[in-house]
Every structure is written in C-alpha cells, then in structure tokens.
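Okay, structure first, notes after.
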Amino acid sequence: MPERPLGRPELDATPVEVAPRLLGTVLRHDDRAVRICEVEAYGGADDPASHAHRRRTDRNRSMFAGPGTLYVYFVYGMHWCANVVCGPDGTAGAVLLRGGQPLGDLDTMRLARPAARVDRDLCRGPARLCAALGIDGTFDGADLCDPSSPVVLVDDGWPPPQAVATGPRIGVRRAAERPWRFWISDDPHVSAVRPS
DNA sequence: CCGCCGATCTTT
DNA sequence: AAGATCGGCGGG
C-alpha cells in the first residue's frame with residue numbers, strides 16, 4: 001500500500017472537521033507508530049475547554065501555528081499529550097490524539113510502557129500513546145507533513161472507518177455538552193471513559 | 001468491574 | 001486550586 005504524508009490542505013479546516021478525518025491515519029516516530037482510532041477536537045477563544053481559550057502563551061503557542069504542526073503539552077505533572085494542529089496559521093485549533101492500535105516496533109513500545117500488561121493498552125489513552133511512541137515536549141512544533149520530520153502523520157491506504165461514534169470530551173468540565181470526541185465504533189484501542 | 005487516591009508540577 | 005492522566009489498590 002502506498003504511504004503518503006497527510007497533505008496540509010486536509011488539515012486546513014476546523015478541528016471538528018479535521019478530527020474524524022484523522023481516524024485510521026498513522027502517526028509515526030522512527031520505527032514506532034500508531035493507527036489512530038480516537039480523537040478530540042479543541043478550538044480557540046470560542047472553546048472554554050481549550051488551552052487556547054484565554055490567550056497566546058508560551059505553552060499553547062503551537063496551537064496557533066499552521067496546519068500539520070504537532071502540539072505537545074505536559075499535564076498533571078508527569079504526562080505528555082499530542083495534538084495535530086489544524087486550521088489556518090494564526091488561528092488556534094487542534095485535535096488531541098487519544099488512542100490507537102500500536103504498529104511497528106512493539107518491543108520498543110513495551111519497554112517504554114512497562115505498566116501495559118497487554119499490547120492493547122500500549123497506546124490506549126493520550127498520555128500512554130505519547131509514552132509508547134517516545135513523544136515528549138522536545139517534539140512540540142514539529143511539522144507532521146514534512147517527510148523528513150522525526151514525527152509524521154501518514155495515510156497508508158487503510159480504508160476509512162465504517163462507523164464513527166461521537167460523544168463528550170473526556171476529563172473536561174467546561175463545554176461538556178459539545179460532542180467533540182470521535183472514535184471508531186467497537187475499536188478495542190479506544191480509551192476507557194473515566195468519571196470526571 | 002467499579003471507585004478512590006496519590007503522584008507530580010505547571011498554570012491560573 | 002485545578003488540570004485535555006495514569007496506575008495501584010480495595011471492595012463488591
């Protein structure tokens with residue numbers, strides 16, 4: 001199957017439009033990769049749950065970058081989470097990668113995720129996904145559409161998901177009524193819903 | 001399976 | 001003081 005980096009135009013849309021498009025695509029870091037099956041859309045000033053809700057800061061600056069930029073942030077004092085920035089340059093918006101099927105060098109991923117007792121759990125959750133792939137703050141701002149980039153987002157010809165489900169975003173209290181979480185129905189790599 | 005709690009630190 | 005989380009533990 002031919003593999004091509006995702007085109008910037010495909011990501012130059014609103015987070016809610018881009019989010020379902022990312023389901024089934026592959027995020028790769030060297031020999032490690034994950035086929036995305038669960039994402040969440042985050043906006044800018046219009047979205048109270050977004051890191052970019054208030055103003056541009058040192059932390060969220062990547063959210064204002066051009067489509068295809070990687071936004072990596074640090075949460076809860078110990079975890080990294082990865083987003084695909086979308087929309088035009090200067091507009092804040094991104095899609096959080098919450099889960100997927102581990103691909104490629106599973107041995108390296110298992111070493112990076114010692115708490116995962118089964119491979120299904122390697123990338124099941126946004127911080128788990130980053131840990132498995134070895135993605136941390138040093139990758140913030142990387143260009144996912146550039147084939148020479150250390151982390152790339154590719155379309156490997158996998159068929160589009162048959163059924164996509166939607167629901168409220170996990171772990172957010174603000175704007176909880178927005179069904180901006182998208183996942184492939186019945187996919188075992190979708191993260192668990194936890195009480196917030 | 002479900003719920004609670006602590007870890008650990010940046011941002012508000 | 002809360003946060004776009006996770007893993008371990010205890011109870012049912």
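Proteins come first, then strands; the chains are lettered A, B, ... in the order of their sequence lines, and each starts at number 1. Not measured: the values here are computed from a predicted model.
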Per-pair stack call A:Y73 and C:dA4, 5.5 Å, 30°: no
Test item: [X] and [Y] side chains (from C-beta on) under 4.5 Å apart, heavy atoms:
X	Y	answer
A:V152	A:P5	no
A:R178	A:P48	yes
A:V193	A:R181	yes

Single-linkage hydrophobic cluster, 4.5 Å side-chain cutoff, A:L22 and A:V154 together: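 They do not share one cluster, since no chain of ILVMFWY contacts under 4.5 Å joins A:L22 to A:V154.
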For DNA chain C, stems built from three or more consecutive Watson-Crick or G-U wobble pairs below 3.5 Å: B:1-7 with C:5-11, B:9-11 with C:1-3
Parallel, tilted or perpendicular: ring planes of A:Y73 versus A:H51, cut at 30 and 60 degrees: perpendicular
Separation of atom CH2 in A:W80 from atom C1' in B:dT10, rounded to whole Å: 10 Å
Integer-rounded Å distance: B:dT11 P and A:R61 CZ: 12 Å
Tell me whether [X] contacts the main-chain N or O of [Y] through its side chain, where contact means a donor paired with an acceptor under 3.5 Å.
X	Y	answer
A:D47	A:H53	no
A:R128	A:R124	yes
A:R98	A:F182	no

When you compare the protein's N or O atoms with those of nucleotides 6-12 of chain C, which come within less than 3.5 Å of each other, and at what distance?
unit_1 : atom_1 : unit_2 : atom_2 : d
C:dC6  : OP1    : A:P126 : N      : 3.3
C:dC6  : OP1    : A:A127 : N      : 3.0
C:dC6  : OP1    : A:R128 : N      : 3.2
C:dC6  : O4'    : A:H79  : NE2    : 3.3
C:dG7  : OP1    : A:R113 : NH1    : 2.3
C:dG7  : OP1    : A:R113 : NH2    : 3.4
C:dG7  : OP2    : A:R128 : NE     : 2.6
C:dG7  : OP2    : A:R128 : NH2    : 2.5
C:dG7  : N7     : A:R194 : NH2    : 3.1
C:dG7  : O6     : A:R194 : NH1    : 2.9

Under 3.5 Å, N/O pairs linking protein and nucleotides 1-3 of chain C:
none

Heavy-atom closest pair, residues A:V26 and A:R35: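 Reported closest heavy-atom pair: CG2-NH1, 3.5 Å.
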Non-hydrogen atoms of A:D119 and A:R110 that approach each other most closely: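 Closest approach of A:D119 to A:R110, heavy atoms only: OD2-NH2, 2.7 Å.
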